[in-house]
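First the structure, in the form of structure tokens, and then the observations on it.
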Amino acid sequence: MTAIINAQRDGRTSTRKTIIGTGIGNAVEWYDWAIYATFTPFIASQLFSKSDPASAVLSTLAIFAVGFVARPFGGFLFGWIGDRVGRKASMTLAVGLASLGSLMIGIAPTFASVGAFASLMLLVARLVQGLAHGGELPSSQTYLSEMAPREHRGFWATLIYTSGTVGILFGTLLGAVLNMALTTEVMNAWGWRIPFLIGAAMGLYALIMRSRLHETDVFEGETATEKRAPLWPQIVRYRKQALQVIGLTVGLTVIYYIWGVVAPSYATTALKIDRGEALWAGVIGNIVFIAALPVWGKLSDRIGRKKVLWAGAIGSAVMHFPMTWLLKDSAWQLAVSMSVMLIFIAASAAIVPAVYAELFPTSIRTVGVGVPYSICVAVFGGTAPYLQQWLGTTVHMPNLFNVYAVVLLAVSVAFIFTIPETKGKDLAH
């Protein structure tokens with residue numbers, strides 16, 4: 001009896017460590033990217049020339065996009081580590097690198113003091129973070145999917161976007177609080193650095209937590225020969241699954257970045273909504289998103305992955321234009337439009353970590369997901385904020401960007417038809 005109780009206690013402890021270690025590291029990564037978008041106006045004014053504010057904002061967003069260029073390399077590097085050395089090692093190294101990038105931004109000198117070197121340091125920091133984030137998501141979602149009970153894998157998978165959104169939410173809340181507590185002069189002087197320094201500290205804590213995790217049984221069950229098998233032949237063999245990852249991701253990543261990440265910043269810079277009010281509207285939208293994720297995850301464990309994916313992609317496509325038309329000049333409009341869109345976006349976001357993991361065998365699961373996913377996010381997700389800003393404020397054709405987003409969602413809908421129903425799949429095979 002005592003042995004049974006101890007085993008149950010050990011199981012609960014292991015589950016708690018898995019959730020905390022995976023979740024906090026993932027939250028830190030997403031927090032880093034969210035605060036960059038949130039504090040874009042301050043970064044632009046401090047690390048670029050003030051002679052042309054509009055150009056400075058576009059340059060800052062361009063570096064946001066450039067950071068995504070490193071993601072495929074991160075997906076391959078950390079994917080290789082994850083599939084050869086272990087999921088735990090890959091996750092730990094990724095969050096450590098992300099923490100370094102955040103620290104670099106937090107201590108970067110201003111353009112006024114060192115000129116273009118300030119912009120260069122920002123670029124390097126974003127490339128470092130891009131490399132880390134390219135490895136973080138496939139490593140953590142593979143680890144979590146392999147640790148989860150197969151009958152509850154859809155629900156467990158929601159931890160990826162739940163923890164990530166908590167990171168975004170914390171960054172948004174921090175921005176709102178700093179905006180209220182500090183004057184514009186103080187924010188420009190040093191206040192904008194606070195979130196990045198906090199991110200570096202949280203990353204260090206996440207690194208320690210992840211170093212204490214156990215490796216997954218699925219990975220440990222692989223033979224030495226399987227772990228050393230050449231990657232390229234396997235990548236070629238599973239090219240169809242890689243294409244499916246790209247197809248599913250292309251529309252979902254763009255619509256998520258539009259409404260889940262950059263909407264408050266876009267509302268401030270393009271629609272002239274008060275920055276503080278826009279940030280609080282973002283908080284409301286992300287809370288709704290977090291609440292919706294586990295609902296969709298549990299539903300996928302009951303009715304299947306494909307039906308939930310269709311609900312998310314088709315719902316997002318149908319509601320995108322109405323919610324865009326609703327958003328004009330008020331924070332309440334931003335809160336409502338973000339909330340509605342994020343309910344539908346949550347359907348796909350909740351379960352794609354499980355779906356991706358279920359498409360590949362153990363020997364190539366991390367890199368098989370990481371490389372195509374990172375390429376897709378780099379090409380489409382990373383450029384979405386820049387395209388939205390440029391088409392809306394420079395070319396004055398915002399509807400063109402909206403059509404682009406809906407067309408990409410239609411592509412994702414089409415690819416859902418090509419994937420098998422993977423609910424309940426044994427990941428050990």
Side-chain angles (χ1 to χ4, degrees), residues 27 30-44 57 60-61 64 161-184 187 191-192 194-195 252-293 295 312 315-316 318-347 349 381 384-389 392-393 398-399 401-402 405:
W30 291 47
Y31 166 88
D32 287 340
W33 288 74
I35 58 174
Y36 186 95
T38 299
F39 289 88
T40 288
F42 296 104
I43 297 172
V57 170
T60 307
L61 289 175
F64 181 84
Y161 273 84
T162 298
S163 60
T165 307
V166 167
I168 292 175
L169 186 58
F170 178 59
T172 305
L173 273 171
L174 183 58
V177 170
L178 290 175
N179 187 72
M180 290 191 306
L182 303 177
T183 64
T184 302
M187 283 294 295
W192 66 273
I194 294 175
L252 303 178
T253 189
V254 169
I255 204 69
Y256 174 73
Y257 273 96
I258 292 171
W259 291 103
V261 179
V262 301
S265 179
Y266 178 78
T268 298
T269 57
L271 304 179
K272 308 304 179 185
I273 295 176
D274 177 79
R275 180 179 290 115
E277 293 180 359
L279 290 174
W280 284 113
V283 168
I284 294 173
N286 277 298
I287 289 175
V288 171
F289 184 61
I290 291 173
L293 285 168
V295 176
S316 297
V318 169
M319 296 305 298
H320 179 66
F321 269 101
M323 292 302 101
T324 300
W325 294 331
L326 173 65
L327 178 56
K328 294 180 180 178
D329 57 4
S330 173
W332 75 262
Q333 297 166 351
L334 176 62
V336 171
S337 59
M338 282 187 68
S339 297
V340 171
M341 288 303 299
L342 287 172
I343 286 174
F344 288 101
I345 294 169
Y386 184 90
L387 279 175
Q388 186 182 36
Q389 183 82 13
T393 61
N399 280 334
F401 178 80
N402 293 325

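The first residue of the sequence shown is numbered 1, and numbering continues consecutively from there.
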Minimum side-chain heavy-atom gap [X]-[Y] below 4.5 Å:
{"X": "Leu174", "Y": "Tyr31", "answer": "yes"}
{"X": "Ile258", "Y": "Phe401", "answer": "yes"}
{"X": "Leu326", "Y": "Met323", "answer": "yes"}
{"X": "Thr268", "Y": "Thr40", "answer": "no"}
{"X": "Trp259", "Y": "Thr324", "answer": "yes"}

Of all heavy-atom pairs between [X] and [Y], which one has the smallest distance, and what is that distance?
{"X": "Leu182", "Y": "Gly191", "value": "CD1-CA, 4.0 Å"}
{"X": "Ala335", "Y": "Ser339", "value": "O-OG, 2.7 Å"}
{"X": "Val254", "Y": "Ala405", "value": "CG1-CB, 4.2 Å"}
{"X": "Ala347", "Y": "Gly312", "value": "CB-CA, 3.5 Å"}
{"X": "Ala349", "Y": "Phe289", "value": "CB-CZ, 3.8 Å"}
{"X": "Ala281", "Y": "Met338", "value": "O-SD, 4.3 Å"}

Measuring from [X]:[atom1] to [Y]:[atom2], what's the distance to the nearest 0.5 Å?
{"X": "Met319", "Y": "Leu342", "atom1": "CE", "atom2": "CG", "result": "12.5 Å"}
{"X": "Trp192", "Y": "Leu178", "atom1": "CH2", "atom2": "CG", "result": "13.0 Å"}
{"X": "Ile290", "Y": "Ile168", "atom1": "CD1", "atom2": "CD1", "result": "9.0 Å"}
{"X": "Leu293", "Y": "Thr165", "atom1": "CG", "atom2": "OG1", "result": "5.5 Å"}

Residues two or more places apart in sequence or in another chain: which of them pass side chain to side chain donor-acceptor pair (under 3.5 Å) with [X]?
{"X": "Ser337", "value": "none"}
{"X": "Ser330", "value": "Trp332"}
{"X": "Trp30", "value": "Asn26"}

Please name the residue in the list Val283, Ile343, Val340 that meets the side-chain contact (heavy atoms from CB on, under 4.5 Å) test with Val288.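 Single side-chain contact (heavy atoms from CB on, under 4.5 Å) partner of Val288 among Val283, Ile343, Val340: Ile343.
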Could you list the residues that satisfy side chain to side chain contact (heavy atoms under 4.5 Å, CB included) with Asn179, not counting sequence neighbours?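 Listed in chain order: Arg275.
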My understanding is that only residues two or more places apart in sequence, or in another chain, count here; which of them pass side chain to side chain contact (heavy atoms under 4.5 Å, CB included) with Asn399?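 For Asn399, the residues satisfying side chain to side chain contact (heavy atoms under 4.5 Å, CB included) (neighbours in sequence not counted) are Phe321, Trp325, Asn402.
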Once the angle between the rings of Tyr161 and Tyr256 is folded into 0 to 90°, is it parallel (under 30°), tilted (30 to 60°) or perpendicular (over 60°)?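 Answer is perpendicular, since the angle exceeds 60°.
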Which residues satisfy the ring pair (Phe, Tyr, Trp, His ring centres under 6.0 Å) test with Phe39, sequence neighbours excluded?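 Phe39 satisfies ring pair (Phe, Tyr, Trp, His ring centres under 6.0 Å) with no residue once adjacent residues are dropped.
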